Structures are given as C-alpha cells and as structure tokens.
Amino acid sequence: MKKFLSILMVFIVAVSMAACGQKNSEPTPAKPSTPAEAEAKAITMRIAHTLAPDSHYNKGLQKFAEIVDQKTEGKIKVELFHSSQLGSERDAIEGISMGTLEATLSSTGPLANFSKKFMVFDLPFIINDRETAFAAMDGEMGKNILASLDSKGIKGLGFWENGFRMITNSKVAINTPADVAGLKIRLMENPVHMETFKVLGAQPVPMPFGELFTALQQKTVDGQENPLVIIDTSKFYEVQNNLALTGHFYSPAVFMVSQSFYNKLTPELQKALAEAEKEARDWQRDYCVKMEKDLVEKLKQNGMTITTPDKKAFQEATKPVYDKFKAEIGEDVINALMNK
Ligand code: EAX
C-alpha cells in the first residue's frame, strides 16, 4: 500500500510539473489579422424596429449602417432587426434603458410612458407641415425633449420621420368626424392619441404594432391609423378598404441608443455615430417625401377607397384634447410648437 501511495505521489508531482512547464512554454505567435478576424473583433450594434424590410425605417437604417461602416472603418457593425423580431417598440425602449439592446428607431407613441415631454408632438393637428416639425425637433425644443431621456439610461440621438397619420378601416368611408364614431380603432399605447379618438366617439384599442395586421384581418378591430408609407409596406390595403387622408397626428421617429453601450465607445466612435445619425436622418426624411408622392395612387390601385375629409372639422372636434393635457404638457411648450 505504502509503495502504491509513493508511486501515486511521484505520478502527481510529475503531472503537475508537466502542467507548469506547459504554462511557461512560448506562446504561439499571433496570426496576421485577416478581414474575418477584424469583423469578429468589431463592436456589434443591434438596432430593433417594428416595420417591414422595405419600410422607410429599414431603408434609413440600412443607410445608417453603411455610413457607420465607412466612418468607423468597420469597427462598429450594425445589425438590423425589423418587423418586431425583438419585440414591440415599448420592449425595445425598455431594453435600451436596461442596456440589453443597443439601439432602436421608434415612434414617439410609447415614449410618453418614459418621458411626458414627448406628448407635445402627440396633440392632434399641432403640426401641419414638415418644415415646422423639423425646425422644432432639430432645434432647442427637440434637444430638451431628448435630454429628458438621459435619466432613463437612454441617449436620444435625434428625430427621424414616421409621418402624417391617416385613418383606415373596413366599415365606412370617413368624410366627417361623425363617421369615426363607433369605430374600434387600434392606436399606439399613448394617452394623448387615445383621448383624441375617444373625443371623436371611437373605441380606442391600444395594441403593439406587431399584432396589428392579424387584428385587422380577424376584425378584432375595425381600423387603425398610420402614415401612408406604413399602410403600403405593411400591406394594410389587403385587409382595409377605406383610407381617409386626415393627417391628424404628425408622428416623429426617435433614434435612441443605450447609454451603457454609448458610454463604452471611444470619443471617435461616438462622434462617428452622431454624424452618421444626422446624415442618415436627412436621407430618410427625403426618402419619405419621395415615397409619399405616388402612394395615394398606388393605394387606390390596390383597391382602397380614398377620402379627403375637411381637416378643420376634425381640428375643431378634437380641441378638448388640448384642454385635457395642457397642464401636464405645459402651455408654454404647446404654444412654442404651435407658433413655430
Ligand atoms: O413606429 O405602432 C405604430 O403604429 C407605429 O407607427 C409604428 O410602429 C412605427
């Protein structure tokens, strides 16, 4: 037994010496870096959104990815997740806030749940032309509103475009506010939007975008409201036959990045991202204007009956929404945007 134990000891000592020896051996020389290796080292930036691959969001983000690749010489690799693959807009904003997702492009709809300051954009007919919207969003006002996300772990880089929202439904051709009464309309999870449709006598149904097509198809709701480019690229014309060009809300899209991701980048990479965001934003805004030109005709050809209601009547009918929210949003902010 003793003999066996001493043999065992010798064996253990020999094995551990060999292991030490291995540790001290020369490291294998580093291989020359190849493009594949450089790619493997690149920082991944996942950007989630809810819209289709040919939507204005995805096109603009593809442009952003291209510009980032050039400006960072491949150091940041953008990966796009469209069509709610990573969840709803609310899920994405929460993910960014917690640092489990790098970035998103989202409508301002669900942002009211994170910062009430965004609600000013949600008021009906507060913005009637893009120039006013861009001046407000790109100026001091937009900067202040974006800064309100700082305390949530979110860096708001800037405002892109979603668009002027139009109502579609499967029941009635809308010409007057009274035509909206009684319709079950899917809305974004936004208190100002919900109140607007309540005031019009509709039944607002809050729902994430990813569930909308099926809800329209199965007639769980009668209608919805979104910009023309979404009605087209999400193929809502397949399940909705009436389109009313109301333009009741202007819907901005906010480009948000997780602070925990952003703060780890070098100042050079941060600068590259900020520049790419502005270049891609301008490109995306132009793209939206170009797309929109032919869309009314295209949607008509796809079988939609299109009406052009009197906006003044809708504006008048939705005025009580301002009274309800003016204290919460701030009269000064509302006036500043109205008088832009
Ligand atoms: O941001 O939820 C909506 O209707 C939005 O317009 C859409 O997700 C794009």
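All of these numbers come straight from a predicted model, not from anything done at the bench. In listed order, ligands and their atoms are each counted from 1.
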| query | Do the rings of Phe255 and Trp160 sit parallel, tilted or perpendicular, given the 30° and 60° boundaries? | reply | tilted
| Nearest to atom 2 (O) of ligand 1, what protein heavy atom do you find, and at what distance? | Arg186 NH2, 2.9 Å
| query | If you count the atoms of ligand 1 from 1 in the order shown, which ones are under 4.0 Å from a heavy atom of Tyr57? | reply | 1 (O), 9 (C)
| Taking both backbone and side-chain atoms of Ser106, is any N or O found less than 3.5 Å from an N or O belonging to ligand 1? | no
| task | Check ligand 1 against Ser107 and write out every atom of the ligand that is under 4.0 Å from a heavy-atom position of the residue. | result | 1 (O)
| field | Minimum heavy-atom distance Gln203-Gly182, with the two atoms named | value | NE2-O, 4.0 Å
| task | Answer yes or no: does an N/O atom from Asn226 fall short of 3.5 Å to an N/O atom of ligand 1? | result | yes
| query | Does Arg165 have a heavy atom less than 4.0 Å from any atom of ligand 1? | reply | yes
| task | Give a yes or no on whether the ring-centroid distance for His49 and Phe209 is below 6.0 angstrom. | result | no
| task | Distance to 0.1 Å, residue and atom name: give those for the protein heavy atom nearest to atom 1 (O) of ligand 1. | result | Glu89 OE2, 2.5 Å
| said: Please list, in number order, the atoms of ligand 1 under 4.0 Å from a heavy atom of Met188. | reply: 2 (O), 3 (C), 4 (O), 5 (C)
| field | Proximal ligand 1 atoms for Asn162, defined as those under 4.0 Å from one of its heavy atoms | value | 1 (O), 5 (C), 6 (O), 9 (C)
| said: Can you confirm if the aromatic rings of Phe249 and His193 lie within a centre distance of less than 6.0 Å? | reply: yes
| request: Considering heavy atoms of the protein only, find what lies nearest to atom 8 (O) of ligand 1 and give residue, atom and distance to 0.1 Å. | output: Thr50 OG1, 2.9 Å
